[in-house]
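Take a look at the structure set out below.
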2 protein chains.
Amino acid sequence: MTSERERAYHHGDLRRVILDAALDVIATNGPGALSLRDLARRAGVSHAAPAHHFKDRTGLLTAVAAEGYALFADALAGAPDLRERGVAYVRFAATHPAHFRVMFQPDLHRTDDPDLLAARARATEALREGVADLPPAGRGEDDRLAGVAAWSLAHGFATLLLSGALTDAMEGRDPEEAFRSLAGLIFTAEGRGGG
Amino acid sequence: MTSERERAYHHGDLRRVILDAALDVIATNGPGALSLRDLARRAGVSHAAPAHHFKDRTGLLTAVAAEGYALFADALAGAPDLRERGVAYVRFAATHPAHFRVMFQPDLHRTDDPDLLAARARATEALREGVADLPPAGRGEDDRLAGVAAWSLAHGFATLLLSGALTDAMEGRDPEEAFRSLAGLIFTAEGRGGG
DNA sequence: CCGGCATCTAGTCATTGACAAGTTCAGGCG
DNA sequence: CGCCTGAACTTGTCAATGACTAGATGCCGG
């Protein structure tokens, strides 16, 4: 049975295999359930193999976060306006729950990692661009607050969604669509915006 | 031989001591850094003492979450209107970061724990009351969405705050006050009041 | 053919969570 | 007073894990 599938040494792309397995575990059972040895077993390699690619457990999570920010930046880039960028934010969280969760838990990864910083800078830039086309509210102070508000709204929705807190609040409804109308409710209609 | 300070057996309130130590660790280094043995060492008891009060590591975190929801419900109860309830939401997160973080990570605790469920129900009720005094927007569907929106806004702000993502967006500014004006920006009609 | 190098293996150690069994203490009851 | 029951805590132990070290393996260029 040890045919060409397992070519022993030089696995081919062990790094990716480990990463994918890690994402699977994190999405299912959370980052706490992550075990390097378990991942090694899944990949059919020795218990120390992952360490060569990621150094650490923290190193693995750092790689996850970095990849997450990169994908995140790409996901945000395509959106035409602020609202769709928010939708993209939510969609990313729903599509890449493991990445998302690790990204926003700084104590899980090494925050000074160069790759991570670069990817995060890209994502931040994408977010800023999105906020740029907010209707000019007033003074610059309010603009900044409005940006934080938009960010908070999308992030809160995404976070609650992943934590399962919204499951009964919107039974079987499509999260993206829900957020879209929710954002319309707030950001478009002037006058009684919040109503 | 051991002086009266440490009355050996029957520590007095070991449960609370362990809980407080746990909260300290979680707030500082995150839930992943939590070690029952470490907590035992801090409290000056044997390595198995915590298990008697919390059964498990998960049991300890469940207790943290339950306590968190109880405190949360109390914190929300005092607020006069929706906006102030949001402020209370943010304040709770800032004041009880460890509780907050554990509360919204279901894979950390036992979600079927009776105490947890009871406390969470109280908190949920307090949240619902807050949403109830939203201006009636239109149909019930929109009302529900508006509630989710308010919740998302507060939760997102609180979460981003705790993850440190807002640190440079609001340098040295008081988070509560920032959220208050932010919420005013969005939820009050046209008067984008004092920022 | 050979040497360097990244990749992976094998072995080891301290730490941890979980469990089992024993010990200490307080309070109730005869 | 003496016993006894149960809660609180200790001691001992085991498997699993993260991290480290040294060594084996195979690819690639010269």
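In what follows, chains are A, B, ... by sequence order, proteins preceding strands, each numbered from 1.
- Regarding A:Asp13, its CG atom lies at a distance of 15 Å from the C1' atom of C:dC8, rounded to whole Å.
- Under the side-chain contact (heavy atoms from CB on, under 4.5 Å) criterion, B:Pro31 pairs with B:Ile26, B:Arg101, B:Gln105, B:Leu108, not counting sequence neighbours.
- Protein atom CG of A:Leu61 is 10 Å distant from nucleotide atom P of D:dA19, rounded to whole Å.
- B:Arg15 comes within 4.0 angstrom of no nucleic acid atom, judged by non-hydrogen atoms across all strands.
- Of all the heavy atoms in B:Ala93 and B:Ala158, the pair that sits closest is CB-CB, 3.6 Å.
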- May I have the step-by-step check of side chain to side chain contact (heavy atoms under 4.5 Å, CB included) for A:Leu71 and A:His96, ending in yes or no? CA-CA 9 Å; A:Leu71 293 170; A:His96 304 80; 4.0 Å; yes
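- For the segment residues 102-114 of chain A, the set of residues with a heavy atom within less than 4.0 Å of an atom of DNA chain C is empty.
- For B:Tyr89 and B:Phe72, the distance between ring centers is under 6.0 angstrom.
- The ring pair (Phe, Tyr, Trp, His ring centres under 6.0 Å) contacts involving residues 17-39 of chain A comprise nothing, where partners must be two or more places apart or lie in separate chains.
- In this structure, CZ in A:Phe54 is found 4.5 Å from CZ in A:Arg15, a value given to the nearest 0.5 Å.
- Distance, B:Arg16 CZ to D:dA8 C1': 18 Å, rounded to whole Å.
- Heavy-atom distances under 4.0 Å link DNA chain D to B:Arg37 of residues 20-39 of chain B, given in residue order.
- With rounding to the nearest 0.5 Å, the separation of CG in A:Leu153 from CG in A:Leu182 is 5.5 Å.
- Sorted by residue number, the members of residues 46-58 of chain A with any non-hydrogen atom under 4.0 Å from DNA chain D read A:His47, A:Ala48, A:Asp56, A:Arg57.
- Between B:Phe100 and B:His155, the distance from one ring center to the other falls under 6.0 angstrom.
- A distance of 10.0 Å separates CE in B:Met103 from CZ in B:Arg120, rounded to the nearest 0.5 Å.
- Every residue meeting the side-chain contact (heavy atoms from CB on, under 4.5 Å) condition with A:Thr28, not counting sequence neighbours, appears here in chain and number order: A:Asp24.
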